[in-house]
Structures are given as C-alpha cells and as structure tokens.
Amino acid sequence: MSEQRQKIIFVCSDAVGETAEAVARATARQFATEQVKIKRYGNIKHEDEIKSIINEAMQCGGFIAYTLVQPELRETMREETIRLGVRAVDVMGPMMQAFIDTFNDSPKYKPGLLHEMDENYYRKIEAIEFAVKYDDGKDARGLVQAQVVLVGVSRTSKTPLSIYLAHKGIKTANYPLTIEVKPPQELFSASNRLVVGLTMQPERLLKIRTERLKALGLPSQANYASMERIEKELTFANEIMKRLQCPIIDVSEKAIEETAGLIIELMAP
C-alpha cells in the first residue's frame with residue numbers, strides 16, 4: 001500500500017507529544033481497519049513547522065491530533081488547517097478551556113509540564129538505571145549503595161518489584177539466594193538501607209517454577225522445579241534472612257503493588 005493511501009494520523013506537540021499519541025493510538029484501536037500509521041512531531045517551536053506538517057497531512061489525506069500550549073502555535077494550527085481543509089483535533093484545548101471557565105484560572109502556557117524534568121523526574125530515572133544495573137546480584141557494590149535490597153530465592157518477584165520501586169524513585173538492588181553460592185560480604189555490611197526478605201509458600205513456588213520451565217521449553221521434571229529442591233532453598237534463604245535480621249514478606253498471594261506498599265511503609269521513619 002502506498003503512503004498516499006495509508007491512513008495516517010499526524011501527532012504534533014510543542015512538548016514531547018506522548019499525550020496526543022496515546023489518544024490517537026487508543027482511538028485507532030477502536031476501528032477494524034488496516035494498520036494506521038502515526039507520525040509524531042514533537043518539540044515544535046516555529047509556525048513554519050506547523051505549516052509544513054499541515055501540508056504533508058493535506059497531501060496524504062490524513063488528519064492531525066495536537067497538543068500545543070503556545071497560543072501563537074495553536075492559532076497557526078487552527079487558521080492553516082481551516083484554510084487548507086485539513087481536519088485537526090485539539091487534544092488539550094477543550095480541557096484547558098473547561099478549566100479556565102470553571103475555575104476562573106489561567107494556564108501557564110508552558111510546554112512539557114507533564115514531563116517536566118524536575119528533581120523527582122531525575123530521581124526516578126536514576127533509580128530505574130540503578131535497578132537494571134544491580135539486578136539479580138550482578139554487582140555486589142549495589143547492595144551497599146541501594147536504599148532497598150531485596151533477597152529471596154528464584155521466582156519470588158525480586159526483579160519486577162525492584163523496577164516498580166524504582167518507578168517510585170527508590171534505588172533498589174536485589175540478590176538471589178541460592179544454596180550453591182555464598183552471599184557476598186556486602187550483603188551483611190552495615191549501611192543506611194533497608195533489607196527485605198521475600199519468601200513464598202512451597203506449593204505456590206513449585207507451580208510458578210514449573211510454568212516457567214514450560215515457557216522456556218524445558219522439562220518440568222528439572223531439579224529447579226522439584227519440591228525437595230524448593231524446600232531446601234527456602235530453608236537456606238530463611239537462615240540468611242535471620243542472619244540479616246531483616247523483615248520478611250510472604251509474596252505468595254500478593255500483587256507487586258501490595259508488596260511495594262509494605263516496603264514503602266517499612267522505609268517510613
């Protein structure tokens with residue numbers, strides 16, 4: 001199919017454009033049609049950029065979804081799309097106008113406030129990078145530098161929980177407790193951090209590990225998914241957690257969000 005015959009939605013923004021793109025994609029999914037192409041143009045600064053995008057949309061028969069907060073850019077978009085007969089959807093405009101009319105307030109007209117790179121944003125990005133770098137005991141130095149250290153046997157949700165906490169801006173490392181490997185001294189080092197042990201009921205862990213092996217195309221009879229092995233691992237892990245004198249959370253029936261909430265409560269002074 002040529003580009004001229006494709007269904008194309010042009011997403012324009014004087015910020016990143018994620019909001020308009022999300023709305024466009026959600027809309028496209030409601031239609032039983034061939035794939036819709038979305039072209040995103042972000043960080044628009046000049047009226048000429050607006051005019052160029054409108055011309056492109058006119059030539060291929062697409063329409064525009066935009067989130068422009070700068071008044072001059074919004075006006076250019078309105079005037080030029082009317083002049084050239086291109087349909088344009090103002091994603092934020094009606095909401096902003098409703099806010100003005102209802103609360104008698106004025107907008108800041110500052111692009112990108114949704115993704116403003118303030119201190120919280122940077123802290124979250126740094127925490128996510130930290131969680132990836134120090135996942136699964138890759139580097140023992142992370143066990144000392146972390147705000148939270150998660151320990152537990154395999155498949156007790158250490159990695160997804162680390163990433164979830166990272167999205168809350170909490171630097172989290174995790175370490176898998178296995179019988180064959182002696183935990184590093186860094187795990188027992190005194191530092192200003194919270195160590196949390198994650199455990200699970202043996203039957204639940206057996207089911208999860210068996211399903212994991214099936215997903216990998218491996219035989220479910222492997223030692224990794226035997227009840228004898230699991231019970232030995234849990235006993236070993238419990239001994240390590242006692243040495244650490246850390247709180248222990250049974251994650252057998254808990255969602256990631258619930259476990260994270262408990263850990264955040266433990267962090268509170």
Side-chain angles (χ1 to χ4, degrees), residues 127-168 170-191 193-268:
I128 292 171
E129 291 175 349
F130 186 94
V132 172
K133 183 176 181 179
Y134 297 111
D135 180 45
D136 211 29
K138 291 176 186 174
D139 188 337
R141 290 175 297 180
L143 302 176
V144 179
Q145 300 168 12
Q147 294 173 271
V148 172
V149 175
L150 306 175
V151 296
V153 301
S154 175
R155 313 312 295 177
T156 49
S157 304
K158 296 184 300 298
T159 295
L161 187 53
S162 294
I163 298 299
Y164 185 92
L165 289 170
H167 277 276
K168 299 291 185 181
I170 301 169
K171 288 185 178 179
T172 309
N174 69 78
Y175 185 84
L177 298 175
T178 57
I179 298 172
E180 294 80 8
V181 180
K182 181 180 179 180
Q185 188 56 43
E186 287 87 347
L187 185 60
F188 302 93
S189 300
S191 63
R193 65 180 180 182
L194 171 67
V195 180
V196 178
L198 303 178
T199 190
M200 186 177 286
Q201 296 302 312
E203 297 78 12
R204 174 67 175 160
L205 191 54
L206 176 64
K207 181 179 179 182
I208 291 174
R209 288 192 178 184
T210 301
E211 290 175 352
R212 176 62 175 164
L213 290 175
K214 287 180 181 178
L216 295 174
L218 299 173
S220 59
Q221 297 81 15
N223 186 40
Y224 171 77
S226 73
M227 182 59 78
E228 182 182 2
R229 169 72 184 191
I230 286 172
E231 288 178 341
K232 285 182 179 178
E233 285 188 28
L234 289 172
T235 298
F236 171 76
N238 192 55
E239 291 171 356
I240 297 297
M241 293 172 194
K242 284 182 179 179
R243 284 179 58 192
L244 290 166
Q245 297 183 321
C246 65
I248 301 173
I249 300 175
D250 187 335
V251 300
S252 301
E253 303 297 333
K254 287 183 173 61
I256 295 296
E257 297 85 351
E258 185 179 359
T259 306
L262 293 174
I263 292 172
I264 292 170
E265 286 181 12
L266 289 170
M267 293 180 68

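- At least one donor-acceptor pair closer than 3.5 Å links the side chain of Lys138 to the backbone N or O of Val132.
- Residues meeting the ring-ring contact (aromatic ring centres under 6.0 Å, His included) test with Tyr175, sequence neighbours left out: none.
- Between the side chains of Tyr224 and Ser154, at least one donor-acceptor pair of N or O atoms lies under 3.5 Å.
- Within the model, atoms CG of Asn238 and OG1 of Thr199 stand 7.0 Å from one another, a figure rounded to the nearest 0.5 Å.
- Under the rule for a salt bridge (charged side-chain N to carboxylate O under 4.0 Å, His left out), the partners of Glu228 that lie at least two apart in sequence or sit in another chain are Lys232.
- Val196 is not listed as a side-chain neighbour of Leu262, based on a closest heavy-atom distance of 4.5 Å or more.
- Within the structure, salt bridge (Lys or Arg N to Asp or Glu O under 4.0 Å) contacts touching residues 141-165 (residues at least two apart or in different chains) are Asp139-Arg141.
- Panel note: side chain Thr172, backbone Ile170; a donor-acceptor pair is recorded below 3.5 Å.
- Between the CE atom of Met200 and the CG atom of Leu206 there is a distance of 11.5 Å, given to the nearest 0.5 Å.
- Qualifying side-chain hydrogen bond (donor to acceptor under 3.5 Å, both in side chains) partners for Glu233, counting only residues two or more places apart in sequence or in other chains: Arg209, Arg229.
- Legend: residues meeting side chain to side chain contact (heavy atoms under 4.5 Å, CB included) with Gln245, ordered by chain and number and at least two apart, are absent.
- The neighbour count for Lys254 NZ, taken as heavy atoms of other residues, nucleotides or ligands under 6.0 Å away, is above 12.
- Partners of Lys214 by side chain to side chain contact (heavy atoms under 4.5 Å, CB included), not counting sequence neighbours, listed by chain and number: Thr210.
- Each of Thr156, Ile248, Leu244, Leu143 was scored for a side chain to side chain contact (heavy atoms under 4.5 Å, CB included) with Val151, with one residue passing: Leu244.
- Using a 4.5 Å cut-off on side-chain heavy atoms (C-beta onward), Pro247 and Leu194 make contact.
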